[in-house]
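Numbering of ligands and ligand atoms starts at 1, following listing order.
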Amino acid sequence: MTEVQEQVIPFHSADVGEQEAQAAADVVRSGWLTMGAKTIEFEQKFASYVGAKHAVGVNSCTAGLHLALDAIGLREGDEVLVPTTTFTASAEVVVYFKAKPVLVDIDPETLCIDPIDAERRITSKTRAIIPVHFSGQPCDMDAIRDLATRYNLRVIEDAAHSLPASYRGVPVGAISELTAFSFYATKTLTTGEGGMVTTDNEDLANRMRIMRLHGIGRDAWKRYSAEGSWYYEVLDSGFKYNLTDIQSAIGLVQLDKCDEMRIARERIARLYSKEFATEPSLQVPTVRSECDSSWHLYVLRLNLEQLSITRSEMIEKLRGRGIGCSVHFIPLHMHPFYKQTYGYSADNFPVATQEYARYFSLPIFPTMSSTQIDYVIENVVDILKSSAR
Ligand SMILES: *Cc1c(COP(=O)(O)O)cnc(C)c1O
């Protein structure tokens, strides 16, 4: 424990380097800085990587979710099912339409949306469901597809955590009608900021391509290029959500090493779980047999009744030893906005509320060294030993 005491292990560190820097520099030197050929190339390679017909590059996953909801024609007064254990982006996009995010409790094993609780909350106004593949493990998509069929719901996957991941052998991105990915700085593929929406539906793809660039007719960006014309038509009041060629050039490098980075994270998860599974005061994350996880997060749970410390105290102790941790997520029903606007309270979400008190996320990034992994394991175990009840 003492040999590397002075080291600081951040919660996350992006696996980016000279190749990404070179790719970005090449774009800058080309003189074409916004959306153009690199973005088209990134979209095509991304689509084929996940096995979707279309991929639409956007400047965030939040933007992608917004465009997806616009593309399905979400309206004021509609309701959309969203798990409470997620980042606010998954639900705020529903609020953009003056529609209602109907929060849903989670499955205690996977911490993903609970399809049984989702069904209980369906009303005549429910139009869609946004499953979030929490930590990188796909949701119970058979049950969600079944719900969608029986109640005529559209499915928009929030895949911010789950590149690459798969369900029954099908990659996330090719499962549902619409899937939104995030390339934010901490995500499994990063362009700093960025995102992608995949779909097999050409009409939805076209609508999103138009709306991501001011509602201007297709390929509007070309008007700045040699082959483009000065003429364009505004077809709707759209948004400014396009992905730039600088971001896409970085994304192309990241996509090439996406599988390698996943293998590195999975290895860390295995090493963690091998040691932690035998600790009675811990519950380690599991992956269902029908799923492959991207291992975006390693979420550990404390069996609090065996310990004299809380989850927050655990995080503080780890921080004191130079280990960065985080919490995913503070459930949405506990935030002032969702409580005050929709009247949600803790007893509406017993599982999410209970699990929130005991989970935290450990560092799991591809460039973690063996020394760092060992240091995290030793310190978690050591703190538990001195905190046994
Ligand atoms: C990060 C995240 C988002 C938002 O992604 P951005 O690209 O930052 O917009 C959405 N949903 C979940 C679950 C996330 O973790």
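Dense packing is recorded around NZ of K100, with more than 12 heavy atoms of other residues, nucleotides or ligands lying under 6.0 Å away. Around the CZ atom of R319, the shell of radius 6.0 Å holds no more than 12 heavy atoms that belong to other residues, nucleotides or ligands.
Results of the side-chain hydrogen bond (donor to acceptor under 3.5 Å, both in side chains) test with T39 over T34, D245, T244, N242 single out D245 as the only residue that passes.
A salt bridge links E20 with K257: at least one charged nitrogen is closer than 4.0 Å to a carboxylate oxygen.
Checked against the 6.0 Å centroid threshold, F365 and F11 do not count as a close aromatic pair. Proximity of the aromatic rings of Y359 and H328 is defined here by a centroid distance below 6.0 angstrom, and this criterion is not met.
Near ligand 1, S60, C61, T62, T86, F87, A89, S90, V132, D158, A160, H161, S182, Y184, K187, G194, F329 each place a heavy atom less than 4.0 angstrom from the ligand.
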